[in-house]
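Report on the following structure.
For the numbers below, each heavy atom of this structure counts, side chains included, while hydrogens, waters and symmetry mates do not. So you know, we letter chains A, B, ... as the sequences are listed, proteins then strands, and number each from 1.
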Amino acid sequence: MSQNTFQTHHGMVDILPEESGKWHYLEALIRETAREFHFGEIRTPVLEPTELIARGIGQLTDIVSKEMFSFSRGETNYVLRPECTAPVARAYVQHHLDQKGGAQKLFYIGPMFRAERPQKGRQRQFHQFGAELIGTDAPIADVEIIRFMMRIYEKIGLTKTTLMINSVGDPESRADYRNALQEYFRPNLNNLSDISRQRFEANPMRILDSKEEEDQPFIENAPLITDYLNEACSRHYAHVKQYLTDSGIPFVENPRLVRGLDYYTQTAFELISSDLGSQDALGGGGRYDLLIEEIGGRPTPAVGFACGMERLMIACEALGIPLGEAPSLDVYIVCRGEGAQRWAMDRITDIRKQGLSCTMDFSGKSIKAQLKDANRQNSRFAIIVGDSELEQQKFTFRNMQESTEEALPFDEIVGKLNSAFDK
RNA sequence: GAGCCCAUAGCUCAGUAGGUUAGAGCGCCAGGUUGUGGCCCUGGAGGCCGUGGGUUCAAAUCCCAUUGGGCUCCCCA
């Protein structure tokens, strides 16, 4: 490439027309499912106050400590949102949605930004869809969220997945567990990896997440959070599992599942696919009963999930699951000569008004080249116009799939088109 | 932040004991069919071999640097 050209930033891609059809398909499927579940779409700005993200997600998380795209203008600090739960929670508080009565059901689809090194299934601008159910601590709310997520994958046909769940407890349970973990790891502190040693004080639960070889033997026998849940958390978790089973949603309990963001409490879950390579999480979520208070609202329990669109596509690609059909064209008007072109420019509108897609050549190609173009664009029909057709007012109506054609007045062609496309 | 791999035509890639005008398939354009697509045949366009420097009589090929890309660790969607 010449050095005089430009290209997208590292980890950011263009989505061209042949790909955008897949996005439309998925987005439509997600929106339709949201309608069935009666979740309302929320669209929040891409830029959020840096402080919201930092407080909401947690200063010590990787996202906040090193992955934010942020800048300031004057006194104001902006950040490109790295995820959408904190922004949705912000909107909930800002617009007093708690005054609307009942729990709020919100979903979103949109781009998120994290300044990481890109690799397969991980980009700096990526897309998530997700949902939040805000204003209830009932276990059935957790199940409603998980059902919604699973239903989308079910509709797509991506069923080769594993739903892992866990409970990370409330602050009381977590404090007990934290002590237990520190007591457990303390004697072996010197044998742990550097990273785990750093986490020992800050957040010992994250040690369980370690993939370092040397940590594995210690992690294997570490105490489990589920043994330290208090009465309330334990009951909540049991209910969630029971309702999931009743709903026919298979899951695997993973007592070592911890989520990367600080705001999670109680239920945590992750949807895994083995067809994704090293970034195997399709999506994840959980309960975050402390977030809204943390960002300035009244204490409000909530639960939600977020899934990666690109990872979803990678998994479908790997499994040969089609995402919509290739876009096709209904009619291509092939014309020869200026008179024919003028005719086409008028009639093309008539055809489009029938709700059919119609195009023509704009670069003066030969008839042969125009038909080739029509074929390439997968056009169902072609109308061929030249001097003789104009003279007789009968136009060549060609069925591209069957290679048949007949000479008809324009009105009759419109009639045939309407019946062919069942308009 | 660390490691590994890669860079030749629009795309996928050949081309290293350094040696004339750098190749294929696909795609694109045109002709075979003076107004008819897909299949077939023929022809054509299109490359400063990522960029800069070095070694050499000679560099796509060897060396150094640089830029861009991919994958992996960390972590996550």
Side chain of [X] (C-beta onward), nearest among [options]:
{"X": "Leu371(A)", "options": "rG37(B), rC75(B), rC28(B)", "result": "rG37(B)"}
{"X": "Thr396(A)", "options": "rC74(B), rG1(B), rU36(B)", "result": "rU36(B)"}
{"X": "Ile367(A)", "options": "rU72(B), rG68(B), rU36(B)", "result": "rU36(B)"}
{"X": "Ser403(A)", "options": "rA2(B), rG38(B), rU36(B)", "result": "rG38(B)"}
{"X": "Gln119(A)", "options": "rG37(B), rU72(B), rC76(B)", "result": "rU72(B)"}
{"X": "Asn375(A)", "options": "rG35(B), rG3(B), rG38(B)", "result": "rG38(B)"}
{"X": "Glu116(A)", "options": "rU36(B), rA2(B), rC75(B)", "result": "rC75(B)"}
{"X": "Ile384(A)", "options": "rG38(B), rU36(B), rU72(B)", "result": "rU36(B)"}
{"X": "Ala369(A)", "options": "rA30(B), rG37(B), rC75(B)", "result": "rA30(B)"}
{"X": "Arg114(A)", "options": "rU36(B), rG70(B), rC76(B)", "result": "rC76(B)"}

Can you tell me, in whole Å, how much space there is between the [atom1] of [N] and that of [M]?
{"N": "rC62(B)", "M": "rG15(B)", "atom1": "P", "answer": "12 Å"}
{"N": "rU8(B)", "M": "rG52(B)", "atom1": "P", "answer": "16 Å"}
{"N": "rG19(B)", "M": "rA60(B)", "atom1": "C1'", "answer": "13 Å"}

Assign each of Val13(A) and Gln128(A) the nucleotide of RNA chain B bearing its closest heavy atom; nearer the 5' end lies the nucleotide of Val13(A)
Tell me whether Asp330(A) contacts the main-chain N or O of Cys358(A) through its side chain, where contact means a donor paired with an acceptor under 3.5 Å.
no
Looking at every strand, decide which applies to [X] at a 4.0 Å heavy-atom threshold: base, sugar-phosphate, or nothing.
{"X": "Leu282(A)", "answer": "sugar-phosphate"}
{"X": "Gln370(A)", "answer": "nothing"}
{"X": "Glu389(A)", "answer": "base"}

Return the pairing partner of [N] with a 3.5 Å limit on both distances, Watson-Crick or G-U wobble; otherwise return none.
{"N": "rC71(B)", "result": "rG3(B)"}
{"N": "rG37(B)", "result": "none"}
{"N": "rU42(B)", "result": "rA30(B)"}
{"N": "rA17(B)", "result": "none"}
{"N": "rC62(B)", "result": "rG54(B)"}

Practice item. Is it possible for you to check whether Arg311(A) lies under 6.0 Å from the centre of the six-membered ring of Phe126(A), through NZ or CZ, and within 45° of that ring's axis? Key: no
**Asked** So is Arg147(A) actually on top of Phe37(A)'s ring, under 6.0 Å and inside 45° of the axis?
**Response** no
Do we see a donor-acceptor contact under 3.5 Å between the side chains of [X] and [Y]?
{"X": "Glu293(A)", "Y": "Thr300(A)", "value": "no"}
{"X": "Tyr288(A)", "Y": "Gln266(A)", "value": "no"}
{"X": "Ser328(A)", "Y": "Arg380(A)", "value": "no"}

Per the O4'-C1'-N9-C4 / O4'-C1'-N1-C2 angle with a 90° window around 0, rA45(B) comes out anti
